[in-house]
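Please read the structure below before turning to the comments.
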Amino acid sequence: MGELVVNRQKRDDEFAVEHQRHEEESIAERTRREREVERTMETMQAHIDNHMSMVKAQPVAKSGLELSVKLVALKDDDDIESYLITFERIMDVHKVEKERWSHYLAPQLAGRAQLALAALSIGEYDAIKEAILTRYNINEEAYRNQFQTEKRKEGRDES
């Protein structure tokens, strides 16, 4: 019976040692994973910081005409809708306050767009855009007519 007690004690000791070793391995693995997550977070933060420094380095036009890109003047054969969309994107990218957009747009206009602007005072961009589109007969009715024309073309093409 004494030998059974000794064997049981020995097994219990071996189990305790094995359990302790397993605990230490688990802690080491958890620590390794935490360090890996920290390194990943540091890398991500470095990327974010780098991106933010590039964003901060881009000029923000608040007063005067200080864009880092040259605006292209509108030509008679330009598509006015595409021109205005491109203009708006440039203003957004350079973080120009919308109240100043008309000041950047006015010098670039020519032809019908310039005539539309001449009837207004330089002010709210949306009003100027609306006047220009009206001068080019671009409105809901024009879109509706264009859509109907395209539908009729498709109908003829299918027959």
Side-chain angles (χ1 to χ4, degrees), residues 1-110 113-114 116-117 120-134 136 138-140 142-144 146-147 150 154:
M1 177 91 132
E3 192 174 314
L4 281 173
V5 171
V6 170
N7 284 339
R8 182 177 176 104
Q9 183 62 41
K10 188 176 178 181
R11 275 190 313 233
D12 286 347
D13 290 345
E14 288 172 355
F15 178 76
V17 168
E18 182 64 26
H19 180 70
Q20 180 66 30
R21 187 183 62 74
H22 180 69
E23 275 294 312
E24 289 170 359
E25 286 175 359
S26 293
I27 290 170
E29 177 64 18
R30 197 174 3 209
T31 302
R32 185 192 65 76
R33 278 193 237 134
E34 287 172 356
R35 285 187 187 139
E36 189 176 317
V37 167
E38 284 177 20
R39 280 193 301 272
T40 302
M41 295 293 285
E42 288 170 359
T43 301
M44 291 172 74
Q45 186 63 48
H47 285 288
I48 290 169
D49 292 344
N50 185 35
H51 180 71
M52 292 305 291
S53 69
M54 289 189 312
V55 169
K56 288 178 187 172
Q58 292 179 353
V60 176
K62 290 193 176 165
S63 61
L65 301 177
E66 52 195 51
L67 292 179
S68 65
V69 64
K70 184 178 182 325
L71 295 173
V72 177
L74 177 70
K75 294 186 260 357
D76 289 333
D77 59 342
D78 285 340
D79 176 76
I80 189 63
E81 291 174 290
S82 297
Y83 183 87
L84 291 173
I85 288 169
T86 303
F87 173 80
E88 290 169 5
R89 287 182 181 162
I90 290 170
M91 294 294 105
D92 284 337
V93 165
H94 289 278
K95 297 177 178 35
V96 177
E97 297 167 357
K98 193 163 186 179
E99 303 83 52
R100 306 233 6 110
W101 287 15
S102 59
H103 297 278
Y104 288 91
L105 180 63
Q108 309 308 321
L109 299 179
Q114 195 173 43
L117 180 62
L120 302 169
S121 62
I122 290 187
E124 186 180 304
Y125 171 77
D126 291 326
I128 292 170
K129 178 181 176 181
E130 186 67 34
I132 291 170
L133 293 175
T134 299
Y136 278 80
I138 299 172
N139 53 33
E140 289 180 27
Y143 283 125
R144 197 173 6 267
Q146 183 181 4
F147 177 74
E150 292 298 320
E154 286 177 14

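Heavy atoms only: backbone and side chains are in, while hydrogens, waters and symmetry mates are out.
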Checklist line | Distance, nearest 0.5 Å, that separates NE2 of His94 from CG of Leu71 | finding: 8.0 Å
Side-chain donor-acceptor pairs of residues 14-24 under 3.5 Å, sequence neighbours excluded:
residue : atom : partner : partner atom : Å
Glu18   : OE1  : Arg21   : NH2          : 3.3
Glu18   : OE2  : Arg21   : NH2          : 2.3
Gln20   : NE2  : Glu24   : OE2          : 3.1
Arg21   : NH1  : Glu25   : OE1          : 3.2
Arg21   : NH1  : Glu25   : OE2          : 2.3

Check: Applying the side chain to side chain donor-acceptor pair (under 3.5 Å) test to Asp13, which of Lys10, Gln9, Arg11 qualifies?
Finding: Gln9
Check: Looking only at heavy atoms, what is the nearest atom pair of Ala131 and Ala116, with distance?
Finding: O-CB, 3.7 Å
Next item on the list: Measure the shortest side-chain to side-chain distance between Ile132 and Leu105 over non-hydrogen atoms and say whether it is less than 4.5 angstrom.
Entry: yes
Checklist line | Spacing of CG belonging to Leu74 relative to CG belonging to Asp79, to within rounding of 0.5 Å | finding: 9.5 Å
Item checked: Straight-line distance of Glu130 CD to Glu124 CD, nearest 0.5 Å -> 11.0 Å
Margin query: If you apply the rule salt bridge (charged side-chain N to carboxylate O under 4.0 Å, His left out), what do you find for Arg32 with Glu29, and how did you get there?
Written below: CA-CA 5 Å; Arg32 185 192 65 76; Glu29 177 64 18; 2.6 Å; yes
Next item on the list: Give, for atom CZ of Arg33 and atom OG1 of Thr40, the distance between the pair rounded to the nearest 0.5 Å.
Entry: 13.5 Å
Item checked: CA sep, side-chain torsions, deciding dist, call: Phe87, Tyr125, ring-ring contact (aromatic ring centres under 6.0 Å, His included) -> CA-CA 11 Å; Phe87 173 80; Tyr125 171 77; 5.8 Å; yes
Next item on the list: Output yes when Arg35 and Glu38 qualify as a salt bridge under the 4.0 Å nitrogen-oxygen rule, no when they do not.
Entry: no
Next item on the list: Give a yes or no on whether the backbone of Val96 and the side-chain of Trp101 come within a donor-acceptor separation of less than 3.5 Å.
Entry: yes
Item checked: 4.5 Å side-chain heavy-atom contact, Thr86 and Val72 -> no
Check: Mind checking whether Lys129 and Ile80 have side chains closer than 4.5 Å, heavy atoms only?
Finding: no
